[in-house]
Novice: 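My questions will all concern the structure given below.
Everything numeric in this text was worked out from a predicted model, so none of it was measured. The basis for the numbers below is simple: all heavy atoms, side chains too, and nothing from hydrogens, waters or symmetry mates. The first residue in the sequence is number 1, and the count goes up from there.
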Amino acid sequence: EEAARSHFGSRTRFPRADLHRSALSMDFFKSFADKASAATTQAMDRVHERVDICKAGKKLLEDGGEAAMSIMIAKRTARAAISEDEAVLTSLAQTASMYEDAAAKLRRAIEAPCPEGVTGFCDFESQAEVYEARAKSMREAVALLEKGVQDAKDAAPSASAVEEDAMLLALVKGGEAKLMDGVHQGLDSVKKMSEAATQSCSGREGGA
């Protein structure tokens, strides 16, 4: 009987290594659960903060009425104009690169005999010259217009987190058409400036 109890007891006794691994596992899962709980709490706090900001933006528009709506749209339009300003300059520079690439390819093409069936081969040289001149004018226009970009960015209207949401809500509440009108007018102004600068640069070339 004593041998049986000894045999039974030895079977129910856990090695220390197993107990240690079990403790480590429990610590790991507890740590994981604590981190998950903290992350969830932080996420919920951010959501509540975001909701509060959105509510504050809505209240700003409601309490401020048409005046607040006009101000938010004006700020949004200014920011959109600055963004488009940079986009126009980037587009001009890219177009200039395309003209330069086209001119280079046309010049390389005329280094070899013209294959049968190809038309306009004899015009490649003059076309390359036109493209190079156009690219040069665009480069000069970009250099001229770039001088004021940083000033425009520095002059961007300030906006709090609440105002940022109010600007978005202003679009939803019917301000989108007004915003787009302002953006289009801004784009037209930039394009006219670009054309004037290009023409001015071309005029200087012709007078040189």
Side-chain angles (χ1 to χ4, degrees), residues 42-43 45-103 130-208:
Q42 290 177 356
D45 288 343
R46 285 195 293 269
V47 169
H48 288 310
E49 181 183 0
R50 191 72 189 84
V51 170
D52 290 341
I53 292 174
C54 185
K55 287 180 178 179
K58 184 173 181 289
K59 187 175 185 300
L60 188 156
L61 290 178
E62 291 175 346
D63 293 350
E66 186 62 30
M69 176 77 75
S70 297
I71 291 172
M72 292 303 105
I73 291 176
K75 287 190 173 189
R76 183 79 176 183
T77 303
R79 292 182 166 204
I82 293 168
S83 177
E84 290 297 333
D85 188 344
E86 293 183 295
V88 167
L89 293 178
T90 299
S91 178
L92 269 177
Q94 290 175 344
T95 304
S97 295
M98 292 173 67
Y99 270 128
E100 291 164 347
D101 187 44
V130 170
Y131 297 161
E132 288 166 345
R134 185 62 177 165
K136 182 180 179 182
S137 295
M138 286 186 170
R139 296 285 186 196
E140 292 177 348
V142 169
L144 180 64
L145 293 172
E146 274 182 337
K147 294 177 181 179
V149 171
Q150 190 57 51
D151 291 338
K153 292 173 69 175
D154 293 341
S158 62
S160 65
V162 172
E163 288 178 302
E164 293 282 0
D165 271 13
M167 283 189 272
L168 293 175
L169 290 171
L171 300 184
V172 177
K173 290 189 174 185
E176 185 173 6
K178 296 180 183 178
L179 171 65
M180 293 314 298
D181 286 344
V183 171
H184 290 317
Q185 290 174 5
L187 275 174
D188 289 341
S189 297
V190 172
K191 288 178 180 178
K192 288 178 181 177
M193 289 173 60
S194 174
E195 291 173 359
T198 302
Q199 290 172 2
S200 174
C201 293
S202 298
R204 287 202 301 271
E205 289 176 10

Novice: Report yes or no: does S137 contribute a side-chain atom to a donor-acceptor pair with the main-chain N or O of A133 at less than 3.5 Å?
Specialist: yes

Novice: Is it the case that the side chain of E164 and the backbone of A161 share a donor-acceptor pair, with hydrogens and angles ignored and the cut-off at 3.5 Å?
Specialist: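 Absent.
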
Novice: For A170 and I73, which heavy atoms make the closest approach, and how far apart are they?
Specialist: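 So the two residues come closest at CB-CG1, 4.1 Å.
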
Novice: Using a 3.5 Å distance criterion without hydrogens, assess whether the side chain of S91 forms a donor-acceptor pair with backbone atoms of A87.
Specialist: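 Checked: no pair found.
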
Novice: How close do S158 and K75 get, counting heavy atoms only, and between which atoms?
Specialist: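 Shortest heavy-atom separation between S158 and K75 comes out as O-NZ, 2.7 Å.
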
Novice: Testing the basics here: between D165 and C54, what is the closest heavy-atom pair and its distance to 0.1 Å?
Specialist: OD2-CA, 3.2 Å

Novice: Hey, what do you get for CG (D85) to OG1 (T90), rounding to the nearest 0.5 Å?
Specialist: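 Here the interatomic distance stands at 9.5 Å.
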
Novice: Could you check whether any side-chain heavy atom of M138 comes within less than 4.5 Å of a side-chain heavy atom of E100, counting everything from C-beta outward?
Specialist: no

Novice: Rounded to the nearest 0.5 Å, what separation is found between the CD atom of E163 and the CD1 atom of I53?
Specialist: 12.0 Å

Novice: Rounded to the nearest 0.5 Å, how far apart are OG of S160 and CE of M167?
Specialist: 8.0 Å

Novice: Taking atom OG of S83 and atom NZ of K153, what is their separation to the nearest 0.5 Å?
Specialist: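 Interatomic distance, S83 OG to K153 NZ, rounded to 0.5 Å: 10.0 Å.
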
Novice: For the CD atom of Q94 and the CG atom of L89, what is their distance to the nearest 0.5 Å?
Specialist: 11.0 Å

Novice: Might you point out which heavy atoms bring L60 and A68 nearest each other, and give the distance in Å?
Specialist: O-CB, 3.7 Å

Novice: Side-chain contact test, heavy atoms from C-beta onward, threshold under 4.5 Å: evaluate it for L168 versus R76 and give yes or no.
Specialist: yes

Novice: When rounded to the nearest 0.5 angstrom, what distance separates OG1 in T77 from CZ in R79?
Specialist: 11.5 Å

